[in-house]
Amino acid sequence: MARRNFTPGRLAAYIVLIVWCILAIFPIFWMASTSFKPVTEGFGGLGSLLPQNPTLNNYVAVSRLLPLARNILNSVTVATVGTILTVFLCSLAGMAFAKYEFPGKNALFFLLLATMMVPPEAGVVPVFAIMRALGWINNLLSLIIPTAATAIGIFYMRQYISGFPNEVMEQARLDGCGEFRIYWQIVVPVVAPALAAWASIAFIARWNDFFWPLIFMRSKEMFTLMVAISTLPVSEGLSTPWPVIMAGTTISVLPLFVIYFLLQGYQKEGLALGAVRG
Amino acid sequence: MPSSGLLQRIWRARTIYLFISPFFILFAIFQFFPLVWSFYMSFHEWNGLGPMEPIGLQNYRFLLRDEVFHTALGNTVIYWLANGLLILPLALLLANFLAMPHLAGRRLMRSVMFLPYVTATVAVGLIFNMIFDFNSGLVNSLLNAVGLPSVPWLTSVEISKLPVIFLNVWRLTPWYTLILLSGLQGMNPELHEAATVDGAGPVQRFFSITIPVLMPILFFCFITLTIDSFRIFTEPYILTQGGPGNSSLSIVQYLYLNGFRIFKLGLASAIGYALTFILLIVSAAQIVLLLRQSGLTEVN
C-alpha cells in the first residue's frame with residue numbers, strides 16, 4: 001500500500017491533534033514551572049514560561065503549611081489498600097457472574113446494574129451518621145470500605161472473564177481444585193492484564209477522590225493529600241502565594257504521573273473499554 | 001419437590017454466593033440503608049443533634065420555590081449540556097484522527113492526551129484558578145498582549161460557569177476519546193473500504209458509517225457523561241466556591257452546604273432525592289442499554 005502522506009485531511013488531523021496535545025500538557029507544565037519560581041518573581045505572562053531563578057523554597061513552604069508526610073501516607077494507604085481490595089473482590093464476583101449458574105443470578109446482576117444509577121452523594125447525610133456510629137469519622141476505613149467492591153468493577157471483570165475457556169476450569173475441577181483455588185491459581189494469572197488495567201483506574205479514582213475525604217476526615221493530620229491541598233489557598237490568613245500552592249499541587253499529581261507512565265504497557269486502549277464493548 | 005430442589009441448588013452454590021456477597025453487603029449498608037433513611041429524613045427538620053421534627057412535605061415545597069436551588073439546578077443543567085455538546089463531538093473528532101492509519105507519533109500523542117484525566121480535579125481546579133485570575137492570570141495577560149481587555153472569568157456572575165466548563169472539557173475529553181478510539185479500532189475496516197470503492201469521501205464515510213457503528217458506544221458515553229455532570233462538585237467548589245452569588249453553584253454543592261455547613265439535614269436529604277429522581281429518568285435508558293450489551297436478555 002502506498003503511504004498517502006500529506007493530503008489536506010491528514011494535515012488538518014495532525015494540526016488538531018498537536019494543538020490538543022499542547023492544550024493538554026500546558027496547564028500541567030505551567031503548574032510545575034510556577035512551583036519553582038520565587039514568590040517575588042512575576043508569573044503572569046508567557047514571558048515567564050520558565051523560572052528565571054528556580055528555587056525549592058515553595059516546596060519547603062508547603063511542607064511547613066501542611067503535615068505533608070502524613071497527608072501523603074493517608075493518600076497512599078487509601079489508594080493502595082482500596083485498590084487491592086476492590087480488584088480482588090470485583091474480580092471474584094465478576095468470575096462468579098461470568099462462569100457460574102446459581103439461583104437468582106439474573107436478578108442479582110440486574111440489581112447490581114441498577115445500583116449504578118443511584119448517585120452515592122444523595123445519601124451522604126445518613127452515610128455520615130453511619131460512619132459516626134461505626135467510629136470511622138477521621139478514620140481511613142471510611143474511605144476504603146464502602147468502595148471495596150463496586151458495581152462497575154464487577155461488571156467490567158465479568159465482561160472480561162466471560163472469555164475465559166470453560167474447559168480449563170472444568171479440568172481443574174476434575175483435578176480436585178476448589179472454586180477459590182480455581183480463581184486464585186488459574187483465572188487470576190490469565191486475566192492479570194485486565195486486573196492491572198482496572199487497578200490503574202481504581203487507583204486514579206481513589207487518589208483523586210475529594211468529596212468523601214472532605215466529609216469524613218475532620219483533622220489536618222487525617223486529611224488526604226487532595227483535601228490538604230484544597231486548604232492551601234486560605235491556609236495562613238488569606239493569600240498563600242501561587243507558587244507555593246503550585247508546589248502543593250505538583251506533589252499531589254506527581255505520583256500518579258509516575259505510575260501512569262510505568263503502567264503504560266498494561267493500559268493498551270482498553271481499561272474500562274472492555275465494559276463498553278461487551 | 002421443586003422448593004427443596006431449589007434449596008439444594010442454593011446450598012450447592014454457597015461458595016459462589018460468598019464470592020458475590022461483599023458487594024451486596026456493602027451496598028446494603030452504605031447505599032441502600034442510607035437511601036431509605038434519607039427518604040425518611042427528607043420529611044423532617046433535623047440539625048443532627050436534637051430531636052427530628054416531622055414536617056411533612058415542607059422540605060420539598062421549599063425546594064420548589066427556593067431560588068438558590070433553582071439556580072443550582074439551572075447551573076448543573078448548563079454544565080451537563082455544555083459537557084455533552086463539547087466533550088463528545090471533540091472526543092469523536094480526536095478519536096477519529098487518532099485512529100488514522102500510518103499516524104506518526106500515535107502512542108506518544110495518546111499518552112500525552114490522557115494526562116489531564118490522570119491529573120486530580122482538585123489540582124486542576126487550583127491551576128485554573130491561577131490561570132484565570134483577573135489580575136495576574138495567564139489568560140488575561142495573553143488577552144492583553146493581543147490588545148484585548150481583561151475578562152473577570154471567576155468573579156463575574158455572567159461567565160463564572162465558563163472556567164468550570166473549560167475544566168470539565170479539558171479533564172474529561174481524553175477519557176471519552178479513549179473509549180471512542182477503542183470502539184473505532186474494533187470496527188470492521190471492510191465497511192470503510194467498501195464505501196471508498198463506492199466513491200464515498202471521508203466526511204461522508206464518517207457520517208454514514210462511523211457514527212452509526214459507534215452509536216451504542218456514543219450512547220453509553222452520553223449516559224455516563226450525564227450522570228457525572230449531574231454529580232459535579234469538586235470543580236466549582238475549588239474553582240469558584242460556587243460564586244459569585246451562587247452563579248456557578250451545583251446541586252451536589254448545595255446539598256453539601258445544607259448537610260455539612262448549615263446542618264439542615266432534612267433539606268439536604270430532600271435535595272439528594274431531587275437529584276436521584278432526575279438521574280433516575282436518565283438512567284432508565286442506561287439500564288436498557290447495559291442489559292442489551294451484557295447479553296443478559298439472551299440468558300433469559
Side-chain angles (χ1 to χ4, degrees), chain A residues 3 9 13 16-17 20-21 24-25 27-28 30-31 44-46 89 92-93 96 100 102-103 106 108-109 112-115 117-127 130 146 148-149 154 179 204 208 210-211 215 226 229-230 242 245 249 252-253 256-257 260 264 269-270 273 276-278, chain B residues 6 9-10 13 15-16 19-20 22-23 26-27 30-31 34-35 37-38 94 97 100 102 109 112-113 115-116 118-123 126-127 130 136 138 141 179 181-182 185-186 202 217 220 231 233-234 238 252 259-260 265 268-269 272 275-276 279-280 283 286-287 290 293 296 299-300:
Chain A
R3 291 181 58 191
V16 170
L17 286 174
W20 187 261
C21 280
I25 208 157
I28 300 166
W30 192 251
M31 163 190 80
L46 262 187
L89 293 177
L92 199 57
Y100 294 90
F102 50 91
N106 288 343
L108 287 171
F109 193 64
L112 179 115
L113 294 181
T115 65
M117 319 307 161
V118 183
E121 292 84 359
V124 59
V125 173
V127 172
I130 292 171
I154 294 171
E179 303 307 331
I204 292 175
N208 291 345
F210 179 65
F211 185 77
I215 283 163
M226 290 309 147
I229 298 299
S230 78
W242 280 117
I245 299 175
T249 56
S252 77
V253 302
L256 273 195
F257 283 8
Y260 173 63
Q264 274 294 295
E269 273 76 57
L273 316 174
V276 185
R277 259 195 256 165
Chain B
L6 180 67
R9 272 168 42 221
I10 292 178
T15 327
I16 309 310
F19 287 177
I20 62 170
F23 169 78
L26 292 175
F27 171 74
F30 295 108
Q31 265 195 293
L35 224 55
W37 189 358
S38 78
L94 291 170
F97 287 162
M100 245 176 15
H102 311 297
M109 287 199 278
V112 169
M113 260 187 211
L115 279 182
V118 181
T119 314
T121 314
V122 172
L126 291 170
I127 298 171
M130 172 179 71
S136 62
L138 178 68
S141 48
I179 292 181
L181 180 64
S182 89
Q185 287 169 339
I217 298 182
F220 175 90
R231 291 172 57 193
F233 170 78
T234 310
I238 297 287
V252 177
F260 295 93
L265 302 188
S269 300
L275 176 68
T276 309
L279 277 181
L280 226 57
S283 302
Q286 190 183 27
I287 295 180
L290 285 180
Q293 290 226 332
L296 200 65
V299 178
N300 279 333

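Predicted model only: the values in this text are computed from it and were never measured.
B:Gln31 is not listed as a side-chain neighbour of A:Pro146, based on a closest heavy-atom distance of 4.5 Å or more. Contact annotation: the side chain of B:Phe233 never approaches that of A:Glu121 to less than 4.5 Å [non-hydrogen atoms, C-beta and beyond]. In this structure the side chain of A:Val124 reaches within 4.5 angstrom of the side chain of B:Phe260, judged on heavy atoms.
Atom-to-atom distance recorded for A:Trp20:CH2 and B:Phe97:CZ is 13.0 Å, nearest 0.5 angstrom. The distance from the CD1 atom of B:Ile127 to the CE atom of A:Met31 is 4.5 Å, given to the nearest 0.5 Å. Atom OH of residue A:Tyr260 and atom OG1 of residue B:Thr119 lie 10.0 Å apart, to the nearest 0.5 angstrom. Atom CD1 of A:Ile130 is separated from atom CZ of B:Phe30 by 6.5 Å, given to the nearest 0.5 angstrom. Rounding to the nearest 0.5 Å places OG1 of B:Thr234 at 8.5 Å from CZ of A:Phe211. The structure places CG of B:Leu35 at 11.0 Å from OG1 of A:Thr115, a figure rounded to the nearest 0.5 Å.
In terms of heavy-atom pairs under 4.5 angstrom with chain B, the leader among A:Leu256, A:Leu17, A:Leu89 is A:Leu17. The choice from A:Ser252, A:Pro126, A:Pro27 that makes the most heavy-atom pairs within less than 4.5 Å of chain B is A:Pro126. Contact count versus chain A (heavy atoms, under 4.5 Å) is highest, among B:Ser269, B:Gly259, B:Ala120, for B:Ala120. Heavy-atom pairs under 4.5 Å with chain B were tallied for A:Ile25, A:Leu92, A:Thr249, A:Leu108; the largest tally goes to A:Leu92. Heavy-atom pairs under 4.5 Å with chain B were tallied for A:Ile215, A:Ile245, A:Ile154; the largest tally goes to A:Ile215. With chain B as the partner, the residue from A:Ala96, A:Cys21, A:Pro103 showing the most heavy-atom pairs under 4.5 Å is A:Pro103. Most heavy-atom pairs under 4.5 Å with chain A: of the set B:Leu265, B:Leu126, B:Val252, B:Val112, this distinction falls to B:Leu126. When each of B:Ile20, B:Ile238, B:Thr121 is scored by its heavy-atom pairs under 4.5 Å with chain A, the top score falls to B:Ile20.
Residue A:Phe102 touches chain B through both its backbone and its side chain, counting heavy-atom pairs closer than 4.5 Å. Interface remark: A:Ile229 contributes backbone and side-chain atoms alike to the contact with chain B (heavy atom separation under 4.5 Å). For B:Met100, the part sitting under 4.5 Å from any heavy atom of chain A is the side chain, from C-beta outward, and nothing else. Using a 4.5 Å cut-off between heavy atoms, B:Leu94 touches chain A through backbone and side chain atoms alike. If you measure heavy-atom distances from A:Ser230 to chain B, the contacts under 4.5 Å come from both the backbone and the side chain.
Not counting sequence neighbours, the partners of B:Ala268 by the side chain to side chain contact (heavy atoms under 4.5 Å, CB included) test are A:Val125, B:Leu255, B:Asn258.
Closest approach of B:Met130 to A:Trp30, counting heavy atoms only: CE-CD1, 3.3 Å.
Side chain of A:Asn208 to backbone of B:Val118: a donor-acceptor contact under 3.5 angstrom is found.
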